[in-house]
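Beneath this line is the structure, given in structure tokens, with notes to follow.
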Amino acid sequence: MSFDLDIGFASLAAGRGGGANEDFAAAMAGDDGEDQRGAIAAIADGVSAGGMGREAAQTTVTSLVRDYFGTPATWDTTVALDRIIAAQNAWLAGINRRRAPALGLTTLTALVLRGQSYALAHVGDTRAYLLRGGALELLTTDHTVAHPDFAHQLTRSIGADDRLVVDYRQGEAQTGDLFVLLTDGVHGSLSERDIAVLAQPPLEGADAQSISQALVDAARQRGSGDDATALVLRVRGAATATLHDAQLRASELPVPPPLKVGDTLDGLTVTALVSDGGVARLYQVRDAQTRRLYALKTLQPSRAHDAEERATLAHEAWLARRMQGGRAADHLVRLHGAAPTGPATAFYLLYDWHGGETLQQMLDRGQRPSPAQAVAIALPVARTLGQLHRQGVIHRDIKPANLHQGEDGSMRVLDLGVALSGREPAATRALHAGTPSYINPEQWDDPPRPADAQSDLFALGVTLYQLLTGALPYGEVVPYQRGRYWRDPLPPSRRNPAVPIWLDHVVLKAVARDGSLRFETAEEMVLALERGASRPITAPPASPLVARDPAALWKIGLAVSLLLNGLLVYWVLFLPR
């Protein structure tokens, strides 16, 4: 669930004439589908000396609050804040370079509550406080000249310079926490003791709005002649765990022992052992009360003390939850945050169970789809990959065994265990993941090129080739050996005459040896499959001999040399002189 917040805001313009207020503040919580990003609040104080402080404060806060929810959910909070703030600073600095003196400058303090933690970004002399358990803590440091006579002269502000250094701070957020964001028109007139007293008034159940108004009114009564603004957020409820929370949980819970059919764990009865790999085990389990089936994934007991494997499985859990809020969720398997009976007592992941079979199981039965059915299978997978790629996620293990066709007819992409999100553990990132026969040639280079979106599309192309022909385009690749990419694959229609030429071209483009000839994006591949014969694409050209075999020229030269030397020997020994 998302944060349950009580938000209050109050602001008064400087002086009694009701002039322009150069402070600006805003707060926003994620809508349905965006609640995984949490909530954001920001406050800014425009620098009045230039004359455009109000505009700078307003555009900075508005762009930050609005654009934050447009960043990929997989990004770390500080990464998202840094990208947006840097873009806004570059825009303001670019405008100010053309004007002398600079007009659009502002301070900024932004707070993001996400999962069970907070992240703070700060520039200037606006402030953020945390009131917890009756104790008030200042979370920011003023960027002002360290001299009493120049206490209001900023050393950092947004728009002043192309290069901006932003202070970041992260910490745990708890139910009952009160965050107070203030401009210097408030904290410049009130002591920390005053703020602490006003933030926890004797009136039982005082809301955030009354606290923010009390802070602004008290500052005005103490003689504040500046714009005075207060933004208050009270955390009334916890939120869904972040990656950090998931990793902490993974390190604390025990790995369950090997389970047999009939064993129970947290109200779940094991009905079958689905797979028993070297790292993880997958069980089919049934809820004893609702009789509903689930898939339970956990580590092998022998891996229980492997911190890297725990972190990898925790990353899978975090990533699966992040993807449940987006459009890709229809073709991914839903992950449950807890056991049906309550919090889990062991470290495992609990997925929905879907009847049906994987494409590998279908191929193992000797069943091969028609070309039309193969296209119908590939289209939703390509769309799902496009949605994952737009979120910065690379699957890295697309193959028939990880593509599941449910009894409901829906195609689902399985197993995010080795996926890259930008926040995966270092051991996962360094892993040469994937099934060798589905890995693109560039990953076998020395040094190897990291997996990217094209890697997933190549693997999907290999899968489509296999569905159409029952064979692999480059043959079976032995693990830990370089792929045999010394020839172009045969067109699928040479192996299966039912494959139309336009589909030949699509598949050959997807599995081309040269990465520059392949589809660049999943959307491009989807478009080619959708258009079909109405607007066929051209087949990639055959690879030159030198590209297929870099030593070909040397081999040809050697053969010619041997031939000439043989003729010379024959002439010397046998021809009359």
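Here, residue 1 is the first one in the sequence, and each next residue gets the next number.
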The criterion is ring-ring contact (aromatic ring centres under 6.0 Å, His included); which residues satisfy it with Tyr348, sequence neighbours excluded?
none
Set of side-chain hydrogen bond (donor to acceptor under 3.5 Å, both in side chains) partners for Thr59, sequence neighbours left out:
Gln88
His389 and Thr521 side chains, donor-acceptor separation under 3.5 Å:
no
Flag the pair Thr312 / Val418 as yes when at least one side-chain heavy-atom distance between them is below 4.5 Å, and no otherwise.
no
Glu530, CD: over 12 other non-hydrogen atoms inside 6.0 angstrom
yes
Report yes or no: does Arg429 contribute a side-chain atom to a donor-acceptor pair with the main-chain N or O of Glu424 at less than 3.5 Å?
yes
What distance do Leu136 atom CG and Glu192 atom CD have between them, rounded to the nearest 0.5 Å?
5.5 Å
Would you confirm whether Asn89, through its side chain, and Asp161, through its main-chain N or O, come within 3.5 Å as a donor-acceptor pair?
yes
Please round to the nearest 0.5 Å and tell me the distance separating atom CD of Glu523 and atom CD of Gln387.
8.5 Å
Under the criterion side chain to side chain contact (heavy atoms under 4.5 Å, CB included), I'd like the reasoning laid out for Val255 against Arg303: C-alpha separation, chi angles, the key distance, then a yes or no.
CA-CA 9 Å; Val255 171; Arg303 303 276 185 161; over 6 Å; no
Validation row: Arg518, Leu457 side chains within 4.5 angstrom (heavy atoms):
no
What's the spacing between Thr78 OG1 and Arg83 CZ if we round to 0.5 Å?
10.5 Å
Would the number of heavy atoms belonging to other residues, nucleotides or ligands and lying under 6.0 Å from CD of Glu520 be above 12?
no
Straight-line distance of Arg132 CZ to Glu137 CD, nearest 0.5 Å
8.0 Å
With a 3.5 Å distance limit and no angle check, can you tell me whether Gln324 reaches the backbone of Leu335 through a side-chain donor-acceptor pair?
yes
Taking the side chain as everything from C-beta on, heavy atoms only, tell me whether Leu113 gets closer than 4.5 Å to Phe179.
yes
Note, Gln170 side chain near Ser117 side chain (heavy atom, < 4.5 Å)
no
May I have the step-by-step check of side chain to side chain contact (heavy atoms under 4.5 Å, CB included) for Arg322 and Arg423, ending in yes or no?
CA-CA 12 Å; Arg322 296 294 80 75; Arg423 300 188 64 191; over 6 Å; no
Does some side-chain heavy atom of Ser63 sit less than 4.5 Å from a side-chain heavy atom of Trp91?
no
Under 3.5 Å, is there a donor-acceptor pair linking the side chains of His143 and Asp167?
yes
Are Lys297 and Asp415 within salt-bridge range, i.e. N to O under 4.0 Å?
yes
Polar contact flag, side-chain donor to acceptor under 3.5 angstrom, Tyr118-Asp177
no
For Asp23 and Thr229, does a side-chain donor sit closer than 3.5 Å to a side-chain acceptor?
yes
Are the side chains of Ile195 and Leu182 in contact, using a 4.5 Å heavy-atom criterion?
yes
Carefully, step by step, assess Leu81 and Val166 under the rule side chain to side chain contact (heavy atoms under 4.5 Å, CB included).
CA-CA 10 Å; Leu81 292 175; Val166 182; over 6 Å; no
Could you tell me whether the side chain of Leu181 reaches within less than 4.5 Å of the side chain of Arg127, counting heavy atoms only?
no
Donor-acceptor under 3.5 Å (Thr60 side chain, Ala57 main chain)
no
Taking side chain as C-beta onward, heavy atoms only, is Asp6 less than 4.5 Å from Leu233?
no
Rounded to the nearest 0.5 Å, how far does CG of Asp456 lie from CE of Met525?
11.0 Å
How close do Leu139 and Leu130 get, heavy atom to heavy atom, and via which atoms?
CD1-CB, 3.9 Å
When rounded to the nearest 0.5 angstrom, what distance separates OG1 in Thr109 from CG in Leu231?
10.5 Å
Side chains of Thr144 and Asp125: is there a donor and an acceptor less than 3.5 Å apart?
no
Assess whether side chain to side chain donor-acceptor pair (under 3.5 Å) is satisfied between Glu442 and Asn440, documenting all intermediate values.
CA-CA 6 Å; Glu442 302 88 86; Asn440 53 312; 3.1 Å; yes
